Amino acid sequence: MSRIFSGVQPSGDLHLGNYLGALKNWVRLQNDYECLYCVVDLHAVTVWQDPTELASSTREVAAGLIAAGLDPKSNIIFNQSQVSQHAELAWLFNCVARLGWLNRMTQFKEKAGKNSENASVGLYAYPNLMAADILLYKATHVPVGEDQKQHLELARDIAQKFNNDYAVDLFPLPEPLILGAATRVMSLKDGASKMSKSDPSENSRINMIDNADTIARKIRKAKTDPDSLPDTVAGLEGRPEAANLLNIFAALADAPIEDVVAAHAGKQFSEFKQTLSDLAVEVLAPVGVEMARLMEDAGYLDSVLADGADRARAIAQPNLEEVFKVMGFLNPRG
Ligand code: TYM
């Protein structure tokens, strides 16, 4: 059976990268798979989170998932800390994964920066928790943006080593689903760095909660180069800002990048930005309005997350018990 698991951190505002790299694809997949979508609050605290804001950030992500089009009845939507089995399996995976594997994780190096001695142990072990998230449900497919690919490979390595070490066929090897024209949305201020929640510049990203005026202003201010738009996709080589804006357009329009480039060949950025801005507002502004509406109703969001957690636990607990049994832990109750 095919099962999808994916997650998003409640560590700041959801942005266009999250939307195009993940959420938009999740909405499309919901009809064909059994899906679990998790607000990964245990991941968020690998870096400092203000305790007075974590709950509202968690609700905001839940609102974003629902506003983007995920049906909370047919999908399981929950926050990770409510399902303690994630942390339990993560501990076991700390004992399966090798230090050498984690030492190769590029995202740790990026996030820890120069002062890695001062990074939390959680930030280092984070990919093991991510593997636990996925394998706890024996998920077969994981829709993510490009930046999560290496973590997915580690989850496969953990699954394979566990199966080998204990001579079982317990975990499937989860497949990444990296879909759409914008699998790596770049900053609007710098085509060489990823659009991210942690960028201090608000103008580097479009947030899902932004209103129409803000979306239009950020696109108007986006960095470009002095040339007009190229005639072919090959002409985007060495022009990261142009490539980023055209990929964003293609992803928002659900159109192949070749067609988008052909339709705007030779145009000035000012003209293209106006068309892009109209499209972005048309797609994103209603999502932002719905998100804001849902965020007024904390009771509803909490009930979705509580119901999702109950349903997630019902899958997670028997799977965890199976792992305990395979590993030989004593359970006097049988
Ligand atoms: P997070 O919270 O950083 O991002 C959530 C999803 O958005 C995608 N994404 C992007 N896609 C394209 N361009 C971008 N600029 C961009 N920024 C973010 C991410 O690839 C991701 O799909 N470790 C994960 C959360 C996680 C998870 C999991 C995912 C925890 N456990 C299990 C899948 C399965 C993360 O930090 O995502």
Side-chain angles (χ1 to χ4, degrees), residues 3-27 29 35-47 49 57-58 60-62 64-65 68 78-81 83 86-87 89-90 93 105-108 110-111 122-123 125-156 158-159 174-199 204-208 240 243-244 247-248 250-252 312:
R3 181 180 279 156
I4 279 188
F5 183 96
S6 201
V8 54
Q9 294 197 55
S11 52
D13 289 323
L14 286 176
H15 54 69
L16 183 65
N18 300 129
Y19 180 72
L20 295 178
L23 269 57
K24 189 173 191 290
N25 300 320
W26 300 357
V27 171
L29 292 162
C35 301
L36 294 109
Y37 293 118
C38 186
V39 188
V40 289
D41 46 10
L42 296 177
H43 278 89
V45 297
T46 57
V47 298
Q49 300 298 326
S57 305
T58 302
E60 183 177 337
V61 173
L65 301 189
F78 68 107
N79 58 314
Q80 191 183 23
S81 60
V83 181
H86 287 252
L89 187 60
F93 286 173
M105 295 294 115
T106 53
Q107 203 166 83
F108 174 76
E110 281 160 23
K111 286 200 176 173
L123 189 67
Y126 170 121
N128 294 344
L129 177 59
M130 182 161 157
D133 298 339
I134 299 163
L135 297 172
L136 184 57
Y137 303 96
K138 300 188 182 181
T140 52
H141 296 82
V142 185
V144 282
E146 181 78 38
D147 61 339
Q148 297 301 317
K149 200 168 165 207
Q150 195 186 33
H151 291 159
L152 251 293
E153 281 158 13
L154 186 97
R156 290 168 63 90
I158 290 177
E175 296 281 347
L177 296 177
I178 299 176
L179 306 168
T183 56
R184 186 174 175 83
V185 178
M186 307 309 278
S187 156
L188 297 181
K189 290 275 126 199
D190 171 11
S193 52
K194 196 180 67 170
M195 185 178 284
S196 109
K197 297 180 191 116
S198 54
D199 193 317
S204 71
R205 66 183 159 263
I206 294 173
N207 293 320
M208 282 176 64
N244 190 35
N247 281 326
I248 290 173
L252 286 170

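What you see is a predicted model; the values in this text were computed from it and never measured. Atoms within each ligand, like the ligands themselves, are counted from 1 in listed order.
- Not one N or O on the side chain of Asp199 forms a donor-acceptor pair closer than 3.5 Å with the backbone of Ser204.
- Taking the six-membered ring where tryptophan is involved, the planes of Phe5 and Tyr137 are essentially parallel, since the angle between them stays under 30° and well short of 60°.
- Every residue two or more places apart in sequence or in another chain that forms a salt bridge (charged side-chain N to carboxylate O under 4.0 Å, His left out) with Glu175 is listed here: Arg156.
- Judged by distance alone, with hydrogens and angles left aside, the side-chain atoms of Asp13 form no donor-acceptor pair with the main-chain N or O of Asn207 at under 3.5 Å.
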Table of N or O contacts for ligand 1, cutoff 3.5 Å:
{"from": "ligand 1", "atom 1": "2 (O)", "to": "Gln9", "atom 2": "N", "distance (Å)": "2.8"}
{"from": "ligand 1", "atom 1": "2 (O)", "to": "Lys197", "atom 2": "NZ", "distance (Å)": "2.9"}
{"from": "ligand 1", "atom 1": "4 (O)", "to": "Asn18", "atom 2": "ND2", "distance (Å)": "3.3"}
{"from": "ligand 1", "atom 1": "7 (O)", "to": "Asn18", "atom 2": "ND2", "distance (Å)": "3.1"}
{"from": "ligand 1", "atom 1": "11 (N)", "to": "Gly17", "atom 2": "O", "distance (Å)": "3.1"}
{"from": "ligand 1", "atom 1": "13 (N)", "to": "Val185", "atom 2": "N", "distance (Å)": "2.8"}
{"from": "ligand 1", "atom 1": "15 (N)", "to": "Val185", "atom 2": "O", "distance (Å)": "2.8"}
{"from": "ligand 1", "atom 1": "15 (N)", "to": "Met195", "atom 2": "O", "distance (Å)": "3.0"}
{"from": "ligand 1", "atom 1": "20 (O)", "to": "Gly145", "atom 2": "N", "distance (Å)": "2.8"}
{"from": "ligand 1", "atom 1": "20 (O)", "to": "Asp147", "atom 2": "OD1", "distance (Å)": "2.4"}
{"from": "ligand 1", "atom 1": "22 (O)", "to": "Gly145", "atom 2": "N", "distance (Å)": "3.2"}
{"from": "ligand 1", "atom 1": "23 (N)", "to": "Tyr126", "atom 2": "OH", "distance (Å)": "2.5"}
{"from": "ligand 1", "atom 1": "23 (N)", "to": "Gln148", "atom 2": "OE1", "distance (Å)": "3.0"}
{"from": "ligand 1", "atom 1": "31 (N)", "to": "Asp133", "atom 2": "OD2", "distance (Å)": "2.6"}
{"from": "ligand 1", "atom 1": "36 (O)", "to": "Gln9", "atom 2": "NE2", "distance (Å)": "2.9"}
{"from": "ligand 1", "atom 1": "36 (O)", "to": "Tyr126", "atom 2": "OH", "distance (Å)": "2.6"}

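- Qualifying salt bridge (charged side-chain N to carboxylate O under 4.0 Å, His left out) partners for Lys138, counting only residues two or more places apart in sequence or in other chains: Glu322.
- For Lys194, the salt bridge (charged side-chain N to carboxylate O under 4.0 Å, His left out) partners two or more places apart in sequence, or in a different chain, are Asp147.
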